[in-house]
Amino acid sequence: MATPRQKLNTKEHKSKQKLTEAQIAVHWKEEGVFYPPKKFIEQANLTDPKVMERFSEKNFPKCFEEYAEMLSWYQRWKTVLDTSDPPFWKWFVGGKLNVCHNCVDRQLAKYKNKAALICVPEPEDEAPVAITYQELYSRVNELAALLRDFAGLKTGDRVTIHMPMIAELPITMLACARLGVVHSVVFGGFSGEACGLRAADSGSRVLVYADSYYRSGKLADHKAAADLAIEAAKREGQTIDKVLVWQRHPGKYGSASPMVKGRDYFINEVLKDFRGKRVEPVPMDAEAPLFLMYTSGTTGKPKGCQHRTGGYLAYVTGTSKYIQDIHPEDVYWCMADIGWITGHSYIVYGPLALAATSIIYEGIPIYPDAGRPWRIAERLNVNIFHTSPTAIRMLRKAGPDEPKKYNCHFKHMTTVGEPIEPEVWKWYYNAVGKGEAVIVDTWWQTENGGFLCSTKPAIDAMKPGSAGPGVPGIYPIIYDENKQEMPAGSQKAGNICIRNPWPGIFQTIWGDRDRFVRTYYQKYCKSPKSKDWRDWPYFAGDGALLAKDGYFRILGRVDDVINVAGHRLGTKELESACLTIPEVAEAAVVPVVDEIKGRVPEIYISLKPGVTTSAKEMTEKVTHTIETMIGKIARPKTVQIVPDMPKTRSGKIMRRVLAAISNRMDTGDITTLANSDIVEQIRELVQGRAVLPLQEGPEDIKRFGQEP
Ligand code: WT7
C-alpha cells in the first residue's frame, strides 16, 4: 500500500507532467540590465559594434584569421579550416608556430623587464615574487634543456605534471611547449592514485612534482602522492622512470616521502648543470597536440581532452584580448588553479601571449581571512579580476564588507564555472566591483579551450545570472530532445549546442576517437556522412534557456556529472571508488545543493549481507576511499547507508529518486519501481520522520539520473 505521501507525490507528478514532458518549463524572473561604465568603454580593446558582422556566418571560418594574426608564425597557414574528416576539424593547416615563443620570446623586444608572473605565496609574511619576461625566458630555457637532455623527452612525448600554484608550474608547461612535449597537468587537489591513472592513460614516463605547498596555513606534503601515482600507473601497465621534484623551499625538502635513487631528482639541483643553456623553440604544426586535460564524463574513465597548438593559442589569445580586455599594461589576476582549463587558458597562455602581468596565488581565498584577495589586489594594483561563483559566495559569506576596506579598483571582473545567482552577481558588482567594473559571466568547458558565451564587455549590457550571447564566431543553438530548435523566448530549457567548429575546440579524446564522436556529436548529427560542418552541431551537455534578447542562461549539466565548486566530478568515478570497499554491495552518488559550492556529492551505499561495521566506521571508510582514489575535492557531504536501493524492475538504480530525497524534492512517479516501499524508508532515514515541505529544486537536479 502506498503511503499518503507517496500518493501525494504521484498526483503532483502527474499534474506537472503535462508541462514537463519533453521540455521543461522554467519560470524565470527577467533581471534588469546593467551597462558597461563609460571609463571602461573608453579604453577597451573591442568597441566596434560591427564585430558580430565581422564574425558572422558569411565570414566563417575566415573570421578567425583575426585571432591567428595576433600570433607570430614561422610559417603561415594554407587552409583556415579543413573539414575533410568530420567532426575532427583541423585549423590553420600548414601553419607552424611555437607556443612558448609566442608567450615568452616574442615579448622580450618590448617587455623584457616587465613582470610576466607575480607569484603570491599563501603565508602573508612571504613577499610576492615578480618574474620578468627576461627571467621567465631564462628559466624556461634552462628547464627545457633539462627536460630534453636529462629526462630524455622528445617532441610528441607526454609528461604528467602534478603541482600546486607556484611559479614552477607555468614554467614547466612553457618548457614542454618549447620542445613540443605534450603536457598533462593534473589538478593538485587530485590524489596520487588519480594522477597515476591519468599518467598511465596518457603514456607518460616522466612525472613532474612539487615536494610541498601551503594550504590553509599548513605546509602540505605533496611528493608522497608521486609514490602512489607510480604504483597506480604500474597497475595499469605504465612504467614511470623519472620523477622530477621542485622544492617549495629550494634546498629544504618539505616531504616525508623518501627520494628514490635513480628515479627521483630535485630539479633545482639538476638545473645547476643547465645554467645559461638556451634551447631553440621547436616549430610545431598548428595541428600538433599542445596538451591534454583530463575531465570527468558519464562513464567512470576520465577523458583526456587533447588540445591543438595553433587553433588553441589563437583562440585563447583572441578571447583574452576581446572578452578579458587584457592590455600589456594590465595587472591581471585569475584566481583559478592552473590545474584546470581556466588556468591553462586564462592564467598562462592567453595573458602571456598578450604580454600581460598574470598573478599566481598559491593558497585559498580566505586565508588567513576574507580580506586576503582584496589586500593582494590593493598591493599589486590588480585591475582585472577573474574567479568562480563558489569563491564569490565564500568571500561574501566570510566578509561581506571586506572589499570596501581596501583601496582596490577593478575595471573588469569575470565569473566562470557555474551558474551565478543574481544576488551573488549583484554583490560581486556592487561590493567587489564598487559599481565601477564591467562583469563578464563566461560559459565554456574543458573541451572548448576558451569562452563560448559571454557579453562583450564594452558593447553588451550585463544581465545578472545570464552568460549572454555567443562570443564572436560562436553560434549557439538550443535543441529539444527531438532535434527541434527551440526559439528565443520560448521559456523552455533544452540542450545547448554550438552549430559551428571554432579554433579552441579540442581535437579528440586522447586514444578514443569513438568516444569523442559519440559523446559530443552523435546526438545531434544531421548526417553522419556529411563533410559540411553545418551537419555537426557540438553537444555541450548543459541545459540552457534562450531569452528573447538572445542571452543564454545556463542551467547546468544534463548528464551524470556533478559540478562541485565549478569543477566536474563524474558520479560513476565516485561509485566505482565506493565499490572497492569490501563491505559495500551497491553505491549511488547524487548531487545536493550546497550554499557555497553549488553542488556537492552525497553518497548512498547498501552493505553486503552479514556486514556488521558501524555507520560511523563505514562513513569514514567511504570518505577515506574517495579521498585516496580521487582526491579531497570529491569528499562527500554525507554518506547514507540504506537497506536497499530504489530499483526499476530490470534492476537499475533510480538515482533520480535518491537525488529528489537528498534535495527534498518531489520523488515523482515511483509506482514502476520493483521495490517502491523502500522510497519512504530511505526518505525517513535521510530527512527524519517529519514530512517536510517539498522544494522545487534546480533544473539540473530535477533532470539528474533521468533516462534521456
Ligand atoms: C561545466 C564545465 C570552463 C571553466 C571551468 C569549468 C559549467 C561553466 C559556466 C557559467 C553556468 C557554467 C557548465 C559546463 N559552467 N561556466 N558561466 N555559467 N555554468 O570547466 O570543469 O569543464 O566544467 O561548467 O555546466 O558544462 P569544466
Side-chain angles (χ1 to χ4, degrees), residues 160-164 184-202 204 207 209 213 215 220-236 238 292-305 337 339-341 364 390 417-418 446 510 557 559-584 586-592 594 597-605 618-640 655 704:
T160 296
I161 305 173
H162 194 201
M163 287 178 67
S184 169
V185 179
V186 175
F187 170 58
F190 277 120
S191 66
E193 167 94 20
C195 172
L197 295 181
R198 286 158 177 77
D201 186 77
S202 67
S204 300
L207 291 183
Y209 259 81
Y213 61 99
R215 180 109 305 208
D221 184 333
H222 189 58
K223 160 64 168 63
D227 305 326
L228 301 171
I230 289 169
E231 265 175 53
K234 198 166 170 190
R235 264 184 272 123
E236 299 286 303
Q238 178 68 29
L292 306 180
M293 163 122 313
Y294 282 84
T295 189
S296 296
T298 306
T299 68
K301 196 174 172 224
K303 307 176 268 198
C305 297
D337 196 291
W340 304 109
I341 192 72
I364 64 160
T390 288
E418 324 147 60
T446 303
W510 177 260
R557 304 292 308 180
D559 50 11
D560 294 342
V561 168
I562 307 182
N563 187 331
V564 183
H567 302 299
R568 271 197 260 173
L569 286 180
T571 46
K572 289 280 183 322
E573 279 168 74
L574 274 76
E575 288 168 3
S576 317
C578 294
L579 293 175
T580 64
I581 304 170
E583 292 90 334
V584 173
E586 287 179 307
V589 175
V590 301
V592 279
D594 180 88
K597 294 181 175 173
R599 307 283 176 272
V600 286
E602 178 151 283
I603 299 187
Y604 284 83
I605 51 169
M618 274 321 297
T619 301
E620 276 164 16
K621 259 194 190 173
V622 168
T623 308
H624 177 77
T625 305
I626 297 282
E627 284 187 13
T628 322
M629 295 191 68
I630 298 165
K632 289 211 162 71
I633 45 159
R635 197 186 285 155
K637 184 163 203 156
T638 337
V639 179
Q640 307 284 2
R655 289 174 181 75
F704 185 82

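Looking at residues two or more places apart in sequence or on another chain, you find a salt bridge (charged side-chain N to carboxylate O under 4.0 Å, His left out) between D227 and K223, R263. Considering only residues two or more places apart in sequence or on other chains, H222 meets the ring-ring contact (aromatic ring centres under 6.0 Å, His included) condition with H162, Y209, Y213. Not a single salt bridge (charged side-chain N to carboxylate O under 4.0 Å, His left out) links E236 to another residue, sequence neighbours left out.
Contact check for R635 versus T623: side-chain heavy atoms found under the 4.5 Å cut-off. Side-chain contact between R568 and T446 is present, with heavy atoms from C-beta onward closer than 4.5 Å. Using a 4.5 Å cut-off on side-chain heavy atoms (C-beta onward), L197 and Y294 make no contact. The side-chain heavy atoms of Y604 and V589, taken from C-beta on, include no pair separated by under 4.5 Å.
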Checking side-chain contact (heavy atoms from CB on, under 4.5 Å) for the pair M618/I581: CA distance, chi angles, key distance, verdict?
-> CA-CA 9 Å; M618 274 321 297; I581 304 170; 4.0 Å; yes
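Considering every non-hydrogen atom in both M629 and T580, the closest pair reads SD-OG1, 3.7 Å. The shortest non-hydrogen separation linking E586 to V584 is O-CG1, 3.5 Å.
Rounding to the nearest 0.5 angstrom, the gap separating the CZ atom in R198 from the NZ atom in K301 is 11.0 Å. From R235, atom CZ reaches atom CD1 of I230 across 12.5 Å, with rounding to the nearest 0.5 Å. If you take CD on E602 and OG1 on T638, they are separated by 4.0 Å, rounding to the nearest 0.5 Å. Summarising the geometry, atom CG belonging to L569 is positioned 5.0 Å from atom CD1 belonging to I633; distances are rounded to the nearest 0.5 Å. Within the model, atoms OG of S191 and NZ of K632 stand 10.0 Å from one another, a figure rounded to the nearest 0.5 Å. Of the inter-residue distances, the one linking L579 atom CG with T625 atom OG1 reads 11.0 Å to the nearest 0.5 angstrom.
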